There are 2 protein chains.
Amino acid sequence: MAKKKLQQTEEKCALQEILGVIGGKWSMSIIYALFTGKKRFSELERLIPNISTRMLVKELKNMEANGIVIRKVFATVPPTVEYTLTTKGEKLEPIINELHKWGVEYVI
Amino acid sequence: MAKKKLQQTEEKCALQEILGVIGGKWSMSIIYALFTGKKRFSELERLIPNISTRMLVKELKNMEANGIVIRKVFATVPPTVEYTLTTKGEKLEPIINELHKWGVEYVI
DNA sequence: CAGTATCCTGCATGATACTG
DNA sequence: CAGTATCATGCAGGATACTG
């Protein structure tokens with residue numbers, strides 16, 4: 001939204017906008033976990049060390065609102081919820097993978 | 001440092017470590033600005049809209065400590081300081097460029 | 001010019017307990 | 001299982017004034 005208004009600033013602030021979408025402390029880890037396919041809520045909690053329930057919920061909601069993930073609910077007892085990457089989210093795979101490689105080589 | 005100790009967790013936490021280095025609100029914008037070559041402090045301030053002096057100093061220090069940028073001081077009056085990317089920092093160019101493209105296509 | 005030094009604020013994050 | 005609700009807190013980040 002507000003595409004027109006953003007046009008002047010988009011070059012300068014694109015990176016800032018992006019951080020609003022995937023700049024959260026856990027966003028990339030969640031996306032990274034979803035590269036290997038759909039995951040249930042509890043699976044994500046187990047896959048991502050030290051993340052709190054609250055943060056996982058929050059980031060997932062934010063990412064869903066931003067069209068990065070899809071939330072699918074199954075009317076089972078107990079409830080089942082699956083999270084999947086959207087196409088938009090999948091496009092991040094090579095980028096995050098490269099970033100990860102960079103980190104492993106230079107940061108760790 | 002602490003390469004050995006990190007080995008168990010490096011796979012899981014690499015992305016977290018990376019965010020400590022380039023996850024700051026302005027880090028990527030600064031790196032992005034430096035892709036086009038060395039910049040003086042005031043140039044960076046002008047190139048990056050809305051960044052405060054305090055934050056620019058802070059991020060630059062952090063990035064210097066992490067081997068992303070080089071700070072070169074010239075004993076002139078008034079003082080001249082130039083910031084350049086290290087090789088390690090330059091390796092981020094394709095990654096950040098791709099991320100930027102992704103943002104322009106999907107976020108803006 | 002290239003910073004330092006303070007003060008200040010809100011939000012991001014965490015911990016814990018509870019629920020349909 | 002997949003969350004919600006609440007409380008608590010630190011520090012990221014901003015504003016402003018000053019300096020070698």
Side-chain angles (χ1 to χ4, degrees), chain A residues 9 12-13 15-31 33-34 37-66 68-84, chain B residues 9 12-13 15-34 37-66 68-85:
Chain A
T9 42
K12 298 174 169 184
C13 297
L15 289 168
Q16 308 283 93
E17 298 275 339
I18 292 165
L19 288 186
V21 178
I22 55 157
K25 184 175 176 184
W26 304 100
S27 305
M28 289 205 194
S29 300
I30 296 171
I31 299 172
L34 290 175
K38 65 183 174 199
K39 298 279 179 298
R40 298 183 60 174
F41 187 87
S42 52
E43 286 184 284
L44 289 172
E45 255 184 327
R46 264 183 291 109
L47 285 170
I48 304 166
N50 302 326
I51 195 170
S52 64
T53 306
R54 185 173 165 280
M55 274 304 110
L56 182 53
V57 174
K58 244 189 144 183
E59 300 266 38
L60 282 170
K61 271 187 181 160
N62 181 46
M63 294 168 76
E64 192 193 3
N66 283 292
I68 307 280
V69 301
I70 295 163
R71 179 173 180 271
K72 214 173 277 179
V73 187
F74 299 90
T76 54
V77 178
T80 303
V81 182
E82 275 176 8
Y83 291 91
T84 330
Chain B
T9 41
K12 299 173 169 184
C13 297
L15 290 167
Q16 308 283 93
E17 299 275 340
I18 292 165
L19 288 186
V21 179
I22 56 157
K25 184 176 177 184
W26 304 101
S27 304
M28 288 205 194
S29 299
I30 297 171
I31 298 172
Y32 195 81
L34 291 174
K38 65 184 174 199
K39 298 278 179 298
R40 298 183 59 174
F41 186 87
S42 52
E43 286 184 284
L44 289 172
E45 253 183 329
R46 262 183 294 108
L47 286 170
I48 304 167
N50 302 327
I51 195 171
S52 64
T53 306
R54 184 174 166 279
M55 274 303 110
L56 183 53
V57 174
K58 244 188 144 182
E59 301 265 36
L60 282 170
K61 270 186 182 161
N62 181 44
M63 294 167 75
E64 192 193 2
N66 282 293
I68 306 281
V69 302
I70 295 164
R71 180 172 178 271
K72 213 174 276 176
V73 188
F74 299 90
T76 55
V77 178
T80 303
V81 182
E82 275 177 9
Y83 291 91
T84 330
L85 286 178

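Values in this document were obtained by computation on a predicted structure and should not be read as measured data. So you know, we letter chains A, B, ... as the sequences are listed, proteins then strands, and number each from 1. Side chains included, hydrogens not; waters and symmetry mates left out as well; all remaining heavy atoms used.
- For D/dT4, the OP1/OP2 oxygens have a side-chain nitrogen or oxygen of A/K61 closer than 4.0 Å.
- The residue A/K25 sits close only to the backbone: its heavy atoms come under 4.0 Å of sugar-phosphate atoms, none of a base.
- Here CG of B/L34 is found 6.5 Å from NZ of B/K39. Values are rounded to the nearest 0.5 Å.
- We find that CG of B/L19 is positioned 13 Å from P of D/dA12, with the value rounded to whole Å.
- If you check every strand for non-hydrogen atoms under 4.0 Å, B/T53 touches a base.
- Considering only side-chain atoms of A/Y83, the nucleotide from D/dG3, C/dG14, C/dA2 that sits closest is D/dG3.
- Atom CE in A/M55 sits roughly 14 Å away from atom P in C/dC11 (whole-Å rounding).
- Atom-to-atom, CG of B/L44 to C1' of C/dA2 comes out at 11 Å; the value is rounded to the nearest Å.
- Taking atom CD1 of residue B/I30 and atom P of nucleotide C/dG3, one finds them 12 Å apart after rounding to whole Å.
- Rounded to whole Å, the distance from CG on B/N62 to C1' on D/dG13 is 14 Å.
- Where A/S52 and A/P79 meet DNA chain C, the nucleotide closest to each residue was compared, and A/S52 sits on the side nearer the 5' end.
- Remark: P of C/dA2 and NZ of B/K72 are 15 Å apart, rounded to the nearest angstrom.
- Proximity of A/Y83 to A/I30: side-chain heavy atoms (C-beta onward) are nowhere separated by under 4.5 Å.
- Proximity of A/S42 to the phosphate of D/dA2: a side-chain N or O atom is located under 4.0 Å from OP1 or OP2.
- For the pair B/V21/B/E17, no side-chain contact is recorded, criterion being any heavy-atom separation below 4.5 Å from C-beta on.
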Which nucleotides of DNA chain C pair, in dot-bracket form (Watson-Crick or G-U under 3.5 Å, | meaning another strand) = ||||||||||||||||||||
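- A/T80 comes within 4.0 angstrom of sugar-phosphate atoms only, judged by non-hydrogen atoms across all strands, and of no base.
- Partners of B/S52 under the side chain to side chain donor-acceptor pair (under 3.5 Å) rule, at least two apart in sequence or in another chain, do not exist in this structure.
- At whole-Å resolution of the value, CG in B/L60 and C1' in C/dG3 are 11 Å apart.
- When all heavy atoms are compared, the tightest approach of B/L19 to A/G24 is CD1-O, 3.9 Å.
- Between B/Q16 and A/S29 the shortest heavy-atom distance is OE1-OG, 3.3 Å.
- Regarding A/L56, its CG atom lies at a distance of 13 Å from the C1' atom of C/dT13, rounded to whole Å.
- Residue side chain A/R54 does not reach the base of D/dT4 through any donor-acceptor N/O pair under 3.5 Å, judged by distance alone.
- Shown here for B/V69 and B/L60, the closest heavy-atom pair between the two residues is CG2-O, 3.8 Å.
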